[in-house]
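Here is the structure we will look at, set down as structure tokens.
Labels below follow one simple rule: chain letters A, B, ... track the order of the sequence lines, proteins then strands, and each chain is numbered from 1.
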Protein chains: 2
Amino acid sequence: MSKGTFLGEFEQVVLLAVQRMDSQGYGMSIRREIEHRTGRGVSIGAIYATLERLEKKGFLKSWEGDSTPVRGGRSRRHFALRPEGGEALVRSQGMLDQMWDGVEIAGGPEVQ
Amino acid sequence: MSKGTFLGEFEQVVLLAVQRMDSQGYGMSIRREIEHRTGRGVSIGAIYATLERLEKKGFLKSWEGDSTPVRGGRSRRHFALRPEGGEALVRSQGMLDQMWDGVEIAGGPEVQ
DNA sequence: CCAAATTACTTCTATTTTGTAGAACATCTA
DNA sequence: TAGATGTTCTACAAAATAGAAGTAATTTGG
């Protein structure tokens with residue numbers, strides 16, 4: 001079982017943001033979700049590159065949304081998790097949990 | 001706050017393995033710890049490259065151990081976390097926790 | 001009422017940082 | 001000197017990052 005089976009750090013974040021937005025997410029909104037949720041600044045290029053990679057790997061799917069009636073009309077590309085994406089998330093976090101199990105960080109919190 | 005403040009996926013794993021071994025860890029043993037703990041196969045090159053990078057970033061420190069009295073004698077290079085490493089781990093996992101908060105994976109477990 | 005400005009979004013191009021593998025090399029003991 | 005245990009080196013693939021360029025709609029001003 002070498003690397004291919006685990007998600008990269010940012011891949012996890014993006015996949016989680018997609019899931020949070022429950023099939024309503026698209027590039028720009030996914031970016032906002034991550035920024036608001038974590039305080040982390042992300043470039044728009046990083047978002048789309050990662051979404052594309054995740055889709056190519058079969059972890060998520062996308063489709064064209066209806067062009068919206070708001071000003072600024074380019075149509076949105078929506079994203080949603082595939083079951084494989086959910087499994088990959090659970091597997092990746094599960095692996096980290098295994099590593100965290102019983103670990104104490106000096107001056108920090110003990111984790112399980 | 002752009003990327004520099006978060007650890008990569010494998011960086012987290014290696015840092016956690018170092019902490020698990022409580023200043024007793026060295027390249028080969030860190031590798032074994034990861035493999036036993038997660039079932040994930042890792043090349044020795046991956047381990048050392050990552051350890052070196054983490055040390056250069058100030059997340060851990062290393063020193064030469066006494067050459068051991070067991071057969072096969074090249075002396076070990078030991079590793080331990082620096083406070084910055086602990087902080088980075090807590091920060092990275094904390095960020096992931098923020099993203100996981102309230103997320104449900106279909107057919108999977110809900111995570112706080 | 002039409003052209004230009006504005007807005008919201010996605011694609012593209014380029015580069016740096018992480019992750020990965022395994023061969024080569026070093027050094028000890030039997 | 002053969003075998004065991006460890007680290008270093010070399011090379012390359014994949015992930016992460018930034019921002020400019022491109023696309024397509026709406027509004028606004030003359």
Side-chain angles (χ1 to χ4, degrees), chain A residues 1-15 17 21 24-35 38 40-57 59 62-79 88 92 95, chain B residues 1-15 17 21 24-35 38 40-57 59 62-79 88 92 95:
Chain A
M1 186 200 284
S2 57
K3 182 66 208 312
T5 48
F6 297 108
L7 297 164
E9 182 264 346
F10 194 58
E11 288 179 323
Q12 292 181 52
V13 170
V14 169
L15 228 38
M21 314 216 31
Q24 303 291 305
Y26 56 97
M28 299 291 278
S29 72
I30 288 167
R31 176 201 206 179
R32 282 191 296 268
E33 171 73 5
I34 294 173
E35 292 187 330
T38 68
R40 169 183 193 170
V42 266
S43 74
I44 192 61
I47 295 286
Y48 283 104
T50 304
L51 285 170
E52 196 155 330
R53 205 181 325 124
L54 288 168
E55 183 167 25
K56 188 177 302 178
K57 293 195 208 166
F59 292 143
S62 74
W63 62 95
E64 279 300 300
D66 302 334
S67 66
T68 30
V70 290
R71 185 169 187 176
R74 182 157 188 186
S75 63
R76 298 169 171 169
R77 193 169 144 218
H78 289 275
F79 292 87
S92 290
M95 187 264 291
Chain B
M1 186 199 284
S2 58
K3 183 65 206 312
T5 48
F6 298 108
L7 297 164
E9 182 264 346
F10 194 58
E11 288 180 323
Q12 294 182 51
V13 170
V14 169
L15 226 40
M21 314 211 38
Q24 303 290 305
Y26 56 95
M28 299 291 277
S29 72
I30 289 167
R31 175 200 206 179
R32 282 191 295 269
E33 172 73 3
I34 294 173
E35 292 187 331
T38 66
R40 170 184 192 169
V42 265
S43 75
I44 191 62
I47 295 286
Y48 283 104
T50 304
L51 284 169
E52 196 154 331
R53 207 174 327 121
L54 288 169
E55 183 167 23
K56 188 176 302 179
K57 293 195 210 166
F59 292 143
S62 74
W63 63 94
E64 279 299 300
D66 303 333
S67 65
T68 30
V70 290
R71 186 168 188 179
R74 181 156 187 185
S75 63
R76 298 169 171 170
R77 193 169 142 219
H78 289 275
F79 292 86
S92 290
M95 187 265 292

Round to a whole Å and report the spacing from [atom1] of [X] to [atom2] of [N].
X	N	atom1	atom2	answer
A:I47	D:dA18	CD1	P	10 Å
A:F59	D:dA14	CZ	P	14 Å
B:L54	C:dG19	CG	P	8 Å
B:L51	D:dG6	CG	C1'	13 Å
B:I44	C:dA21	CD1	P	12 Å
B:L7	C:dT17	CG	P	15 Å
A:E52	C:dC9	CD	C1'	15 Å
A:F79	C:dC9	CZ	P	13 Å

Taking the side chain of [X] as heavy atoms from C-beta outward, which of [options] is closest to it?
X	options	result
B:E11	C:dA26, C:dG19, D:dA15	C:dG19
B:R76	C:dA21, D:dG6, D:dA16	D:dG6
B:R74	C:dC25, C:dT18, D:dA15	C:dC25
B:F10	C:dT18, C:dC9, C:dG19	C:dG19
B:M28	D:dT8, C:dA21, D:dG6	D:dG6

Next on the checklist: Which label fits B:Y26 and B:H78: parallel for a plane angle under 30°, tilted from 30 to 60°, or perpendicular past 60°?
Outcome noted: perpendicular
Next on the checklist: Applying a 4.0 Å non-hydrogen cut-off, can you work out what B:G45 is touching in the nucleic acid: base, sugar-phosphate, or nothing?
Outcome noted: base
[N] phosphate, OP1 or OP2: any side-chain N/O from [X] under 4.0 angstrom?
X	N	result
A:R53	D:dA16	yes
B:R77	D:dT8	yes
B:K56	C:dT18	no

Item to check | Stepwise side chain to side chain contact (heavy atoms under 4.5 Å, CB included) test for B:I47 and B:F10 | outcome: CA-CA 9 Å; B:I47 295 286; B:F10 194 58; 4.2 Å; yes
Next on the checklist: Working note: A:M21 + A:S29, criterion side chain to side chain contact (heavy atoms under 4.5 Å, CB included); need CA distance, chi angles, decisive distance, verdict.
Outcome noted: CA-CA 9 Å; A:M21 314 216 31; A:S29 72; 3.5 Å; yes
Checklist entry - Between B:Q12 and B:L7, what is the shortest heavy-atom contact and its length? => result NE2-O, 3.4 Å
Item to check | Minimum-distance pair of heavy atoms, taken over all atoms of B:A17 and B:I30 | outcome: CB-CG2, 3.9 Å
Next on the checklist: What verdict does the side chain to side chain contact (heavy atoms under 4.5 Å, CB included) test give for B:V13 and B:T50, after you've listed the backbone C-alpha separation in whole Å, the side-chain angles of each residue and the deciding distance to 0.1 Å?
Outcome noted: CA-CA 10 Å; B:V13 170; B:T50 304; over 6 Å; no
Item to check | Gap separating the CE atom of B:M28 from the CZ atom of B:R74, nearest 0.5 angstrom | outcome: 11.5 Å
Checklist outcome for this item: Stems in DNA chain C, runs of 3 or more consecutive Watson-Crick or G-U wobble pairs with both distances under 3.5 Å, sorted by first number, are C:1-30 with D:1-30
